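Just so we're clear, the structure is a prediction, and the values are computed from it rather than from any experiment. Indexing begins at 1, ligand by ligand and atom by atom, following the structure's order.
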Amino acid sequence: MVELESERDRRSRDRVGAATILIVDDSKAIRRILRRALEDGGHTVREAADGLEALAACRAELPDLVLLDMDMPVMDGPAALKALRADDALAHVPVLFLTARTTAAEVAAGLELGAEDYLRKPCQPAELTARVGAALRQKVERDSLRRQAVESDRLSSVDVLTGVANRRGFELRRHELLASGGPDTRLCLIMIDVDHFKSVNDTHGHSVGDLVLRILAVRLRRTVPAEHTLVRWGGEEFVVLAPGVDDAGAAHLSNALRAVVCATPLAVGPGLRLDITVSVGWASGRLDEFELTVATADAALYDAKHAGRNRVATRAI
Ligand code: GH3
Ligand code: MG
Ligand code: MG
C-alpha cells in the first residue's frame with residue numbers, strides 16, 4: 001500500500017515537468033509571450049480571454065495551473081478565482097495572478113483571495129517558469145497529503161481484522177442516512193453473534209478464532225446487498241444496517257445470513273474444518289429511535305440463543 005502510494009506520487013512529480021497551464025489574459029499579445037515562455041519550459045498551454053472563458057476551459061480540461069490576469073472584461077480575475085474556489089472539482093487548481101496591479105495592497109488582496117502566488121507584469125520568462133515550477137511542486141505535495149488524509153480517514157472506519165466497517169464506519173453511515181433521509185427513515189437492524197465462539201478459541205487457539213471471524217466476514221459481506229452496511233460490532237458480533245427494508249425483507253435477509261454461515265464447514269487449516277453457526281436477532285425502527293432498535297435487536301438475539309442457537313428471532317419495538 002505504502003509502495004503504491006509513493007509510486008503514484010513519483011509519477012505525478014514526473015508530470016510537474018510537463019504540466020498543462022491555462023493562460024487567462026484579455027491581451028492576445030501577452031498570451032503569445034507567455035505561451036512562448038511556458039512552451040519553452042516544456043509545458044502544454046491553453047488560453048482564455050476572460051474569467052468566464054477560463055471557467056469553461058477548466059471544466060472542459062482540468063489544467064495543472066492557471067495563470068490569471070486581474071483586469072479583464074466579462075469576468076475579472078478575482079471573480080474567476082472565487083468561482084474556481086467555490087467549485088469542488090476546480091477548487092484545488094493552483095492559481096497565479098499575473099497583473100499590472102502591483103501596489104503592496106493589491107498584491108496582499110490578491111493573495112488573500114486564495115491565489116498561490118502573485119507575479120508582476122512584465123515578468124521575465126526565467127522568473128515566470130521558476131514560479132510556475134514552484135507552484136506545481138507545491139501542488140504535488142498538497143495532492144499527496146490530501147490523498148493520505150482521505151486514505152487514513154477510510155482506514156479509521158474499517159475493522160483491521162475483517163475489513164468490514166467498524167463502529168466509527170457505522171456511525172458515519174448512520175449520519176449519512178440521517179442527512180439524506182431524515183429522522184423518520186425506517187431501518188432494520190440485524191445482529192449476528194457467533195455461537196459458542198469461546199470454545200473455538202479454547203480448543204483451537206486465538207489465531208484460528210481470528211481466521212473464523214475473517215471467513216465469516218467474507219461470507220456475510222457476500223450476502224449483504226451493497227446498499228446495506230455490514231459492521232463488526234465488537235468481538236464476535238456483527239451488525240447489518242439495512243435502511244428501507246420491510247419486515248418480510250428483514251426476515252429473509254436475516255435467515256440468508258444465518259444460512260450462509262452454516263452452509264459449509266469453514267476451512268481454517270490443513271485438514272481442519274469447523275462447523276460454525278450464528279444466532280441472529282433483528283428489529284425495525286425509525287432512525288430517531290435508534291438506541292431502542294439496537295436494544296430490541298439485541299433482546300431478539302438472546303431469544304434466538306435461548307431457543308437453541310443457529311436460528312433467527314425478532315421482536316417488535
Ligand atoms: P454464545 O453462543 O452464548 O454467544 O457463546 P460465545 O462463546 O460465543 O460467547 P462469549 O461472549 O462467552 O465469548 C465470546 C468470545 O469471543 C470471548 C472472546 O475471547 C472472543 N473474542 C472476542 N473478540 C475476539 C477476536 O477478535 N478474536 C478472537 N479469536 N476471539 C475473540
Ligand atoms: Mg457468541
Ligand atoms: Mg457475543
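The shortest contact between atom 7 (O) of ligand 1 and any protein heavy atom is with K198 N, 2.9 Å. Remark: minimum distance from atom 31 (C) of ligand 1 to any protein heavy atom is reached at F197 CE2, 3.6 Å. Among all non-hydrogen protein atoms, the one lying nearest atom 27 (N) of ligand 1 is D210 OD1, 2.7 Å.
Formation of a donor-acceptor pair under 3.5 Å by the R101 side chain with backbone atoms of E106 is not found in this model. Within the 3.5 Å criterion, the main-chain N or O of A307 finds a donor-acceptor partner in the side chain of R311. Remark: the backbone N or O of V200 is not paired with any side-chain donor or acceptor of H204 at under 3.5 angstrom.
Short contacts between ligand 1 and R309, defined as distances under 4.0 Å to a heavy atom of the residue, involve ligand atoms 1 (P), 2 (O), 3 (O). Counting the atoms of ligand 1 from 1 in the order shown, those under 4.0 Å from a heavy atom of L213 are 25 (C), 26 (O), 27 (N). Against a heavy-atom cut-off of under 4.0 Å, G235 is close to the following atoms of ligand 1: 22 (C), 23 (N). In the vicinity of G209, heavy-atom distances shorter than 4.0 Å reach the ligand 1 atoms 29 (N). For ligand 1, the atoms closer than 4.0 angstrom to any heavy atom of N201 are 19 (O), 20 (C), 28 (C), 29 (N), 30 (N), 31 (C). Remark: ligand 1 atoms within the under-4.0 Å shell around heavy atoms of D195 are 2 (O). The contact set between ligand 1 and D193, taken as ligand atoms under 4.0 Å from a residue heavy atom, comprises 4 (O). Near V194, meaning under 4.0 Å from one of its heavy atoms, ligand 1 places the atoms 2 (O), 4 (O), 8 (O).
Between R214 and ligand 1 there is no heavy-atom distance shorter than 4.0 Å.
Heavy atoms of H204 found under 4.0 angstrom from ligand 1: none, in either backbone or side chain.
Which of H306, H196, H206, R232 comes nearest to atom 26 (O) of ligand 1 through a heavy atom is settled by distance: it is R232.
The shortest distance between side-chain heavy atoms of H92 and K139 does not fall below 4.5 Å.
Note on D117 versus R131: salt bridge recorded, some NZ/NE/NH1/NH2 to OD/OE distance being below 4.0 Å. A salt bridge does not link D40 with R36: every distance from a Lys NZ or Arg NE/NH1/NH2 to an Asp or Glu carboxylate oxygen is 4.0 Å or more. Ion pairing between D87 and R59 holds under the 4.0 Å rule for side-chain N and carboxylate O. A salt bridge links R85 with E116: the distance from a Lys NZ or Arg NE/NH1/NH2 to an Asp or Glu carboxylate oxygen falls below 4.0 Å. Remark: R168 does not engage E171 in a salt bridge, criterion side-chain N to carboxylate O under 4.0 Å. Salt bridge D246/R186: absent, no basic N to carboxylate O contact under 4.0 Å. Comment: D69 engages K121 in a salt bridge, judged by a side-chain N to carboxylate O separation of less than 4.0 angstrom.
In summary, no N, O or S atom of K198 is located under 2.8 Å from the Mg ion (ligand 2). At a cut-off of 2.8 Å, D193 coordinates the Mg ion (ligand 2) through an N, O or S atom. Coordination check, E236 versus the Mg ion (ligand 2): passed, since an N/O/S atom of the residue sits under 2.8 Å.
Looking at K305 next to ligand 1, an N or O pair under 3.5 Å apart turns up.
Within a 4.0 Å radius of atom 10 (P) of ligand 1, the protein has no heavy atom. Under the 4.0 angstrom criterion, atom 4 (O) of ligand 1 counts as having a protein heavy-atom contact.
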Under the side chain to side chain contact (heavy atoms under 4.5 Å, CB included) criterion, do W282 and L253 qualify, and how do the steps go? CA-CA 10 Å; W282 66 270; L253 179 55; over 6 Å; no

